Amino acid sequence: MTETPAEAGTAPNPSAIPADELARLTDDIVAALKTVYDPEIPVDIYELGLVYKVDIDDERNVAIEMTLTAPGCPVAGDMPGWVENAVSAVPGVKSAKATIVFDPPWDHSRMSDEARVALNMW
């Protein structure tokens with residue numbers, strides 16, 4: 001009897017993208033997201049915890065759900081474009097679409113330790 005990947009303790013890759021390529025794409029997308037900053041805060045949006053979800057479909061289109069530190073953020077109209085431009089530049093990405101969501105609302109608990117150190121928010 002042959003074990004399925006799930007029975008062997010490893011989940012199958014639900015994507016048509018090979019696992020090693022998906023891992024590289026994911027790492028490169030995270031690196032791209034870390035190049036985008038809110039101009040008023042000296043920490044990137046990824047470490048701030050503003051990125052809620054990143055989906056890569058089988059055609060390598062990337063959908064990003066993100067939020068802002070406040071609904072009235074002065075760069076709310078520009079930020080999705082910055083994110084889309086950064087992620088679209090990743091080799092292998094066909095397209096990128098960023099959507100702003102406010103549920104759940106962002107709060108300081110979403111920040112990484114790196115962001116907390118940079119902002120002295122312990």
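Along the sequence shown, the residues carry numbers beginning at 1. Just so we're clear, the structure is a prediction, and the values are computed from it rather than from any experiment. All values below were derived from every heavy atom in this structure, side-chain atoms included, with hydrogens, water molecules and symmetry-related copies excluded.
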Rounded to the nearest 0.5 angstrom, the CD-CG distance for Glu65 and Leu50 is 13.5 Å
Show the numbers, then the answer: is there a side chain to side chain contact (heavy atoms under 4.5 Å, CB included) between Lys53 and Ile64? CA-CA 6 Å; Lys53 186 176 181 182; Ile64 301 117; over 6 Å; no
What's the separation between atom CD1 in Ile56 and atom OG1 in Thr26, rounded to the nearest 0.5 Å? 4.0 Å
Taking only residues two or more places apart in sequence, or in another chain, which ones meet Asn120 in a side-chain hydrogen bond (donor to acceptor under 3.5 Å, both in side chains)? none
Correct closest heavy-atom pair for Leu25 and Pro91 would be CD2-O, 3.6 Å
By salt bridge (charged side-chain N to carboxylate O under 4.0 Å, His left out) - contacts of Glu21 (at least two apart): Arg60
Which residues pass the side-chain hydrogen bond (donor to acceptor under 3.5 Å, both in side chains) test with Glu114, not counting sequence neighbours? none
Per the side-chain contact (heavy atoms from CB on, under 4.5 Å) rule, which among Val36, Val101, Leu33, Ile45 passes with Met66? Ile45
Suppose we screen for salt bridge (charged side-chain N to carboxylate O under 4.0 Å, His left out). Which residues come up paired with Asp58, at least two apart in sequence or across chains? none
Tell me, please, which residues at least two apart from Pro42 pass side-chain contact (heavy atoms from CB on, under 4.5 Å). Leu119
When rounded to the nearest 0.5 angstrom, what distance separates NE2 in His108 from CG in Leu48? 9.0 Å
Pairwise side-chain hydrogen bond (donor to acceptor under 3.5 Å, both in side chains) hits with a residue in residues 86-106, at least two apart: Asn61-Ser95
Under the side-chain hydrogen bond (donor to acceptor under 3.5 Å, both in side chains) rule, what pairs show up with a residue in residues 28-46, not counting sequence neighbours? Arg24-Asp28, Lys34-Glu47
Name every donor-acceptor pair, under 3.5 Å, that has one atom in a side chain of residues 70-86 and the other anywhere in the protein, sequence neighbours excluded.
from  : atom 1 : to    : atom 2 : distance (Å)
Glu84 : OE2    : Ala98 : N      : 2.9
Asn85 : ND2    : Gly81 : O      : 3.3

